[in-house]
Amino acid sequence: MTMVASRPAAVTVPSAASGPIAEAVASGELPGRVWIYSNYHCNLACSYCLTESSPRSERRQLTAEQMLAVAEQARSLGFTALGVTGGEPLLLPWLPETVLAMAHQLPVVLLTNGTLFAGDRIKRAAMLADPNIALQISLDSHLPDLNDMARGPDNFANVVSAVPRLVASGVRVRIATTTAGPLDSPLLDPLRDLVRSLGVCDEDHVIRPIVRRGRADERELGVLAAARDIPSELTIAADGAFWGSFGPTVRSGRLDTDLLLTRTILPLSVPANALLATMRGLPEGADASLGIR
Amino acid sequence: MGPGQPEYVGMTRVQLLDAGRAPITAQQYYAEGDPGPIVAALASVPELLGPTLGFVAAALGRGSTSVRLKEFAILRTSALQGCQFCIHAHTSVSLDIGLSPEEIRALRGEVPLEDGFPSESERALIGWIDALAGATGPIPDDVWVEARRHWPEHVLVELTVTVGATMFLNRFATGFELPTADHVMARLDAAGLA
């Protein structure tokens, strides 16, 4: 029996959602993905982290029940995809099962730093070998020292060790590279070659700029971005609902509220409708021309 | 303090969001500059701004009753509730709409009510306000009967909503220690009503 055949029927049946959100998503006016910040704490402390995440961060995490409710309601409203990020989501012991359940509603991309797959932990990750799930792992340079300068000791070694094993386990892996330089720089070619050698195809290698928010803003790194430059994906965190996955940033220990939509996260229709109303009230802008994703 | 910054940043129990930190769903309330500490505090939960301000505007703003009667309800209630922020703000508003310093002192409870309000009908109305905002539990029939003797029912309904909305604002401002703006205090000082 294949993984696809074993999936609940709901997965393969397109959502019959109707209403303003479904119409806006179908027309392309509203992005289809809903992001979920499962938690804020992390085993790393990257120099450009949007949320100042570290082992010492306040957890501020969603529950599994909340994440499942977001997934169910996102599908009902007409959204078409989910993303889970943090912090490091896989620090939550119940996260793999929850993501698997969420994937019964909509396709999920799970962002992880890729450092928690040592030893037997790779077996836990293998349950994410599902056609509706992709893991997105960060890798910023083909040079271990340069990568680890931003992301922490041994990060490079952990990632290049984990990715082929995940791929071999049947897990779809995407690599995300965050760079302070041009997105099309030939200096990234060796990294592209490395990513291919790990078993990840070019279309699953995302290269994006550092966004000057959170800790990156304190260090004056990255590109300045107004709301219209940031994809208006509905983003849910313990602190509320935000415009875009770059919304719930933290600097000097204080949450940025400029992209806050509502403190109410459920029912999801409350922040979804607030997002749509806000989008329609803003003047036209650059619409993500900075390549932020 | 930089140009355009509110006068009260950092002086309260809760964050007062300035324009730079105001949620994207609250920006309309900052379009004409500093929206004041009530909005700046409420902006932390931006979905509350629309319904709350809509209710407060309807309850405290111009309606079927005169602004003079509305200010009776607001200033008297604020004095009974001991809300310094609202007393200051609505002493200033009361001056704007033409209440005399003596009327203001009487509404604030600083002089006997009779000193400011010789009119029996206005005292009956203030009696109703006192029974609502200055006590708990049932309101004696004689207070209602006296108020009704002078005022139509719809006026009492409208002003009772004004009292209720004012009590909400009183507790909001008092609980979070919202500060009075410097220019308001300067004005009250000049009028001998600080």
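Letters A, B, ... are given to chains in the order of the sequence lines, protein chains preceding strands, and every chain is numbered from 1.
Proximity to chain B (any heavy atom under 4.5 Å) is shown, for A/T257, by both the backbone and the side chain. With a threshold of 4.5 angstrom between heavy atoms, B/Q28 does not approach chain A through any atom at all. When heavy atoms are compared at a cutoff of 4.5 Å, A/L275 does not approach chain B at all.
Considering only heavy atoms from C-beta on, A/V34 stays 4.5 Å or farther from A/Q73 through its side chain.
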* Evaluate salt bridge (Lys or Arg N to Asp or Glu O under 4.0 Å) for A/R254 paired with A/E52, printing each intermediate quantity in order. => CA-CA 10 Å; A/R254 192 169 70 167; A/E52 291 187 342; over 6 Å; no
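Note: B/F172 and B/F176 have perpendicular aromatic rings, judged against thresholds of 30 and 60 degrees for the angle between ring planes.
Of the options B/T166, B/N170, B/T91, a side-chain hydrogen bond (donor to acceptor under 3.5 Å, both in side chains) to B/S78 is made by B/N170 and by none of the others.
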